[in-house]
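Can you read through this structure? Questions will come right after.
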Amino acid sequence: MGELGFSSSSSFTTFRFADFVVVLCLVLNAVVICNGGKTSSFVRKVEKTIDMPLDSDVFQVPPGYNAPQQVHITQGDHVGEAVIVSWVTVDEPGSNTVLYWSENSNKKKKAEGKFNTYKFYNYTSGYIHHCTIRNLEFNTKYYYVVGIGHTERKFWFTTPPEVGIDVPYTFGLIGDLGQSFDSNRTLTHYEMNGQKGQAVLFVGDLSYADNYPNHDNVRWDTWARFVERSVAYQPWIWTAGNHEIDFAPEIGETKPFKPFLHRYHVPYKASESTSPLWYSIKRASAYIIILSSYSAYGKYTPQYQWLENELPKVNRSETPWLIVLMHSPWYNSYNYHYMEGETMRVMYEPWFVKYSVDVVFAGHVHAYERSERVSNIAYNVINGLCTPVKDQSAPVYITIGDGGNLEGLANNMTEPQPPYSAYREASFGHAMFDIKNRTHAYYSWHRNQDGYAVEADTVWFFNRYWRQMVDSTN
Ligand SMILES: [Fe+2]
């Protein structure tokens with residue numbers, strides 16, 4: 001009995017020691033696991049984010065009879081040899097013609113567009129013109145004139161270099177911009193950024209007109225006049241956000257995306273998409289896929305089928321950089337819109353890993369966050385493997401919904417910072433993705449409170465196809 005008792009006590013002691021070791025391991029492991037990235041110590045002063053009043057100078061209507069306003073451009077084909085020019089006239093339809101010429105030539109050419117109008121509750125739009133200019137030379141500055149026959153206005157743009165493997169190109173990144181005083185600061189900071197963005201990848205939520213009574217579409221007009229100073233001169237690549245849905249059955253408006261689709265045309269047919277809400281373009285050395293968080297994306301849906309056919313078409317020997325834009329983020333550690341992107345992640349994340357997507361940019365959460373390279377594709381309901389793991393084949397996920405709209409900042413974060421989150425900060429700002437060659441791209445995020453040249457978060461991205469190694473924050 002004594003021996004047994006001793007033995008029993010000994011195994012009890014052994015058990016307790018083993019138990020202690022296990023617990024210690026768990027604690028240490030938890031310390032490691034819970035050691036997320038950096039939550040910035042910068043705390044932005046809490047201020048109300050309010051929209052600029054209607055009589056603000058940035059919303060000014062250009063002078064002159066039937067003067068074109070709200071001028072904006074975007075890529076007009078799959079490779080960058082075409083540009084869609086859009087503008088609004090209000091007195092009468094006026095001319096659909098765009099007059100254009102390259103800086104090296106005096107020979108003026110004409111392209112013909114079309115116009116549309118729409119009604120939204122008690123609002124009637126102006127005459128919204130869209131004209132695609134085709135067969136442009138790559139890497140060439142063009143001047144263009146709209147408003148032929150009435151008040152002419154002249155702008156210019158530079159076409160991208162021909163698509164190719166080592167072609168440098170600098171993209172700006174803006175999301176959830178709106179039209180507040182902070183929005184104006186974000187746009188100014190983007191314009192003043194010394195890295196000189198050549199095109200903007202816009203991740204959705206443009207005007208926030210739907211926050212006004214009856215979705216006052218006058219705020220779609222003011223927004224387009226506000227951003228004209230940039231988007232008339234360089235293409236913005238459009239992603240639809242939830243504020244583009246404008247679904248308002250209470251006032252009889254039941255056609256989703258009505259104002260957005262009338263105002264913003266994109267070259268979706270060039271990528272064999274059946275909807276302007278998802279499409280792709282090639283630009284310089286980047287292949288950019290734009291997805292819709294607010295259109296069906298489940299199995300067999302048009303968007304699913306399109307993406308399934310689209311990803312194998314990406315030739316990394318032609319366009320090494322594979323970038324995806326969407327509105328609702330998949331990896332987000334703020335207490336806003338938490339896990340709203342989860343169902344789309346479940347559908348598409350295995351493809352993103354399989355096809356080595358370099359980076360996914362999203363908006364929606366009004367703050368900034370950059371993830372580690374992680375994936376969460378092992379889970380199959382019964383195996384319990386539901387924690388994201390480090391994965392060098394996975395994209396970096398960046399939330400850049402910090403444009404500064406009237407809804408204000410998302411400043412409440414989940415704690416502790418989860419391991420998938422590398423850097424997060426509740427400030428307004430914009431980012432730059434500066435592709436140097438097939439292997440390297442320099443990424444930087446800029447908060448509005450800093451001087452124009454200050455970079456608050458930077459990473460050297462290594463291309464997932466050409467150099468799959470750990471990105472460097474040095
Ligand atoms: Fe949103």
Side-chain angles (χ1 to χ4, degrees), residues 49-51 172-180 182-183 186-187 190 200-212 215-217 219-220 222-224 226-227 236-248 253 256-261 263-264 266 275-278 289-297 303 324-345 348 360-371 397-414 424-431 445 448:
T49 312
I50 51 168
D51 267 358
L173 285 141
I174 302 178
D176 304 68
L177 185 58
Q179 46 193 304
S180 74
D182 289 295
S183 320
T186 302
L187 185 56
Y190 169 65
V200 168
L201 304 178
F202 192 89
V203 293
D205 284 0
L206 285 62
S207 74
Y208 288 75
D210 61 345
N211 279 7
Y212 284 82
H215 297 223
D216 186 359
N217 274 223
R219 283 287 177 174
W220 272 106
T222 53
W223 191 80
F226 154 51
V227 296
W236 286 29
I237 307 305
W238 303 110
T239 313
N242 54 305
H243 288 278
E244 278 66 72
I245 301 173
D246 278 310
F247 175 69
E253 294 297 345
F257 302 105
K258 191 190 205 179
F260 176 67
L261 293 178
R263 290 166 180 274
Y264 294 92
V266 298
S275 165
L277 299 172
W278 58 89
I289 291 178
I290 296 95
L291 296 179
S292 173
S293 301
Y294 307 101
S295 304
Y297 45 75
Q303 184 168 207
V324 177
L325 312 181
M326 61 179 66
H327 186 63
S328 189
W330 293 357
Y331 287 95
N332 157 36
S333 73
Y334 287 82
N335 284 320
Y336 299 81
H337 306 304
Y338 188 61
M339 288 184 83
E340 279 183 24
E342 188 65 3
T343 45
M344 189 193 246
R345 184 192 66 71
Y348 296 159
V360 176
F361 293 107
H364 203 33
V365 178
H366 301 160
Y368 173 69
E369 185 162 27
R370 172 173 56 80
S371 82
Y397 295 88
I398 292 176
T399 302
I400 189 78
D402 53 347
N405 64 74
L406 79 171
E407 291 178 354
L409 265 182
N411 51 12
N412 190 330
M413 304 170 185
T414 61
R424 56 185 187 172
E425 181 178 319
S427 291
F428 294 133
H430 74 278
W445 174 68
N448 288 354

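One-based numbering, in listed order, for ligands and for the atoms of each.
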Open item on the list: Pairing donors with acceptors under 3.5 angstrom, does anything connect the side chains of Tyr208 and Asp176?
Closed with: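 Asp176 and Tyr208 do have a side-chain donor-acceptor pair below 3.5 Å.
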Open item on the list: So, of the N/O/S atoms that His364 has, which is the nearest one to the Fe ion (ligand 1)?
Closed with: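 Nearest to the Fe ion (ligand 1) within His364's N, O and S set: ND1.
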Task: Closest contact, heavy atoms only, Glu369 versus Tyr331 - done: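 Closest pair (atom of Glu369, atom of Tyr331, distance): OE1-O, 4.3 Å.
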Task: Heavy-atom side-chain proximity of Glu244 to Trp238 below 4.5 angstrom - done: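 A side-chain contact under 4.5 Å is absent here.
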Open item on the list: Which label fits Phe202 and Trp223: parallel for a plane angle under 30°, tilted from 30 to 60°, or perpendicular past 60°?
Closed with: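 Judged by the thresholds at 30° and 60°, the geometry between Phe202 and Trp223 is perpendicular.
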- [ ] Of all N, O or S atoms in Asp205, identify the one at the shortest distance from the Fe ion (ligand 1).
- [x]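 It is OD2, the N, O or S atom of Asp205 closest to the Fe ion (ligand 1).
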- [ ] May I ask you to check if any N/O/S atom from Asn242 comes under 2.8 Å of the Fe ion (ligand 1)?
- [x]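 So Asn242 counts as coordinating the Fe ion (ligand 1), yes.
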Open item on the list: Using 2.8 Å as the threshold, say whether any N, O or S atom from His327 sits that close to the Fe ion (ligand 1).
Closed with: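 Within the cut-off used here (under 2.8 Å), His327 does place an N, O or S atom near the Fe ion (ligand 1).
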